[in-house]
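Below is one structure, written out as structure tokens; the observations come after it.
In what follows, chains carry the letters A, B, and so on, assigned in the order in which the sequence lines appear, proteins first and then strands, with residues in each chain numbered from 1. Computed from a predicted model, the values in this text were never measured in an experiment.
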Amino acid sequence: MLDMKLFRNEFDAVSKQLGQRGVDKTILDDFLKKDERRRELIQETEKLKKMRNEVSDQIALKKRNKEDAQADIESMRNVGRKIKAIDAELEIVEKEIFDIAAVLPNLAHESVPVGEDENANIEMKKWGKPRTFDFEPKPHWEIGEELGILDFERGAKVAHSRFLYYKGLGARLERAIYNFMIDLHVDEHGYTEMIPPYLVNDEAMFGTGQFPKFKEDVFQIANESLTLIPTAEVPLTNYYQNEILEEEQLPEYFTALSPSFRSEAGSAGRDTRGLIRLHQFNKVEMVKFSKPENSYDELEKMTANAEDVLQKLNLPYRVIVLCTGDMGFAASKTYDLEVWIPAQDTYREISSCSNTEAFQARRAKIRYRQSDSGKVEHVHTLNGSGLAVGRTMAAILENCQEADGSVTIPEALVSYMGGITQISKKK
RNA sequence: GGAAGAUUACCCAAGUCCGGCUGAAGGGGACGGUCUCGAAAACCGUUAGGCGAUUCAUCUCGUGCAAGGGUUCAAAUCCCUUAUCUUCCA
């Protein structure tokens, strides 16, 4: 949710920025008009309520003194009717305002490049050197199927396409990857480990910005207002929903492994094979609550935390900053990490780290009390994948494959694999 | 599944039958002060916060007694719905 005061006071600047994110100007003009009407109505109704309170006190006094108060009661009857009418109109206007505000995207930070789509994204850095193969590198699903550690066919049979079984050392490797990630974030990066609910209610989905605009992207439970989380960002960020934190608590870091469930509506035909685009995948998520003045430093640190995972696994990657047109709904600024996928001869997204500033905090009502002034202000919230586990698996299978079809386990994971250094075909 | 009772501010708790001097008593805790070398004790004081409107800011006003509706000039108090908890019955 945007800051209403900012919107009002700097309407031109804000609407220009929202224009860059695809919002129609006429909606914003209407929005501003409705906001004015809302304040008019509030002033009218509050004036009448004040009068009602005063006269009611006089009536009480007269009754106590056994005086006649009938005239006052008659006149107040009319005031009561007026108040009811104004409040009814006010309710409608507020609903209309809310419906517009709920679907307006966040404003981009000034450092974000302006552009329409991913072509305007800017590469910030490259790390590691893609390996040169002296054989034709296979896509990870072939490697996984040939090694008998990934089973997409049975996943489709038992669930649906875009589901799979990890089997044997495949399941072990997935578990090694996320345990390694969580340990790294907890032991070295200062995050608190969490296991959140995997189903959340509508308020939580609203708080982080998925609802009401992106309902078609998620799986909902029939006859219940519960949704399978599309990312652990939802339960982690909403942990402090509707709370006022103390300044000393900040910053606070959470990390959690969770499955993520996505309907992938509208991505038919894209990445139909392999681990890149699934209806259910594991992800280690990082979430931060920060004071506003530090949130961009925290974003840099969080991105570095995600990079650290890739560096320790020795997987080549690049960092890009998303342009205004490519950013998510809630983000003020987003860095994507893209890992090298040899069989596709390209970099693919493996992490997305965003500062949403106060956008989610306003929706979820997460605030903090400044210790010296006692003033209450919205926190800034950040979230990032650290990392998507399935895609990490894909990257390892492809980057660490050998000519004979075996896969060498990255050094950092060997202890998590119980000493296993290589996955090879059973003889 | 059925019946009865409960839900008041950071915590406990009065007020609800019988609506109006409740701008929610009282206590605990917390915080500040006096005293002290320092602390404890004692004493004095503060303690709905939030939200919204207004304002440069203050002042002020509206809202607020589990949540949401209703009745009334007026609701913590009367009525309805929902949630949670307790006890009892199956």
Salt bridge (Lys or Arg N to Asp or Glu O under 4.0 Å) involving A:Asp297 - partner list, sequence neighbours excluded
none
Can you check the distance between [N] and [M], where both ends of the measurement are the [atom1] atom (answer in whole Å)?
| N | M | atom1 | value |
| --- | --- | --- | --- |
| B:G23 | B:C31 | C1' | 24 Å |
| B:U58 | B:A53 | P | 14 Å |
| B:G69 | B:U77 | P | 14 Å |
| B:G20 | B:C78 | C1' | 14 Å |
| B:G38 | B:G33 | P | 13 Å |
| B:U8 | B:A76 | P | 16 Å |
| B:C51 | B:C44 | P | 34 Å |
| B:A9 | B:C65 | P | 10 Å |

With A:Thr303 via side chain to side chain donor-acceptor pair (under 3.5 Å) - residues at least two apart:
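Counting only residues at least two positions away or on another chain, A:Thr303 forms no side chain to side chain donor-acceptor pair (under 3.5 Å).
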Not counting sequence neighbours, which residues clear side chain to side chain donor-acceptor pair (under 3.5 Å) with A:Tyr317? List them please.
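Counting only residues at least two positions away or on another chain, A:Tyr317 forms a side chain to side chain donor-acceptor pair (under 3.5 Å) with A:Glu307, A:Gln311.
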Could you pull out all residues at least two apart from A:Glu40 that satisfy side chain to side chain contact (heavy atoms under 4.5 Å, CB included)?
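For A:Glu40 the side chain to side chain contact (heavy atoms under 4.5 Å, CB included) partners, ignoring immediate neighbours, are A:Arg37.
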Set of side chain to side chain contact (heavy atoms under 4.5 Å, CB included) partners for A:Glu293, sequence neighbours left out
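Scan of A:Glu293 (side chain to side chain contact (heavy atoms under 4.5 Å, CB included), adjacent residues dropped) gives A:Lys291, A:Tyr368.
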is_close_aromatic(A:Phe261, A:Tyr198), centroid dist under 6.0 Å
no
A:Tyr178 meets the ring pair (Phe, Tyr, Trp, His ring centres under 6.0 Å) criterion, sequence neighbours left out, with none
Would you classify [X] as touching base, sugar-phosphate or nothing, given that sugar-phosphate means primed atoms plus P, OP1 and OP2, and contacts are heavy atoms under 4.0 Å?
| X | answer |
| --- | --- |
| A:Asp57 | nothing |
| A:Lys63 | base |
| A:Lys62 | nothing |

Name the residue closer to the 5' end of RNA chain B, choosing between A:Lys50 and A:Asp72 according to the nucleotide with the nearest heavy atom.
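Result: A:Lys50.
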Intra- and inter-strand pairing of RNA chain B, written as dot-bracket with Watson-Crick and G-U pairs under 3.5 Å and | for the latter, reads ((((((((.[[[..)....(.....]]]((((((.......))))))..((((......))))..[[[[[..)....]]]]]))))))).
Tabulate below the donor-acceptor pairs under 3.5 Å that side-chain atoms of residues 207-214 of chain A make, not counting sequence neighbours, or state none.
residue: A:Thr208; atom: OG1; partner: A:Ala204; partner atom: O; Å: 3.1
residue: A:Thr208; atom: OG1; partner: A:Gln210; partner atom: OE1; Å: 2.7

Per-nucleotide protein contact along nucleotides 48-54 of chain B, 5' to 3', at a 4.0 Å heavy-atom cut-off (B base, S sugar-phosphate only, - neither), is -SSSBSS
In a table with atom names and distances, give each donor-acceptor pair under 3.5 Å that connects a side chain of residues 188-197 of chain A to protein atoms at least two apart or in another chain.
residue: A:His189; atom: ND1; partner: A:His185; partner atom: ND1; Å: 3.0
residue: A:His189; atom: NE2; partner: A:Asp308; partner atom: OD2; Å: 2.8
residue: A:Tyr191; atom: OH; partner: A:Asn305; partner atom: OD1; Å: 2.7

Any side-chain heavy atom of A:Leu275 within less than 4.5 Å of one from A:Leu164?
yes
Under-3.5 Å N/O pairs linking protein and nucleotides 74-79 of chain B:
residue: B:A74; atom: O4'; partner: A:Ser56; partner atom: OG; Å: 3.3

Please tabulate, for side-chain N and O atoms in residues 47-54 of chain A, each donor-acceptor pair with protein atoms closer than 3.5 Å (sequence neighbours left out).
residue: A:Lys49; atom: NZ; partner: A:Asp87; partner atom: OD2; Å: 3.3
residue: A:Asn53; atom: ND2; partner: A:Lys49; partner atom: O; Å: 3.4

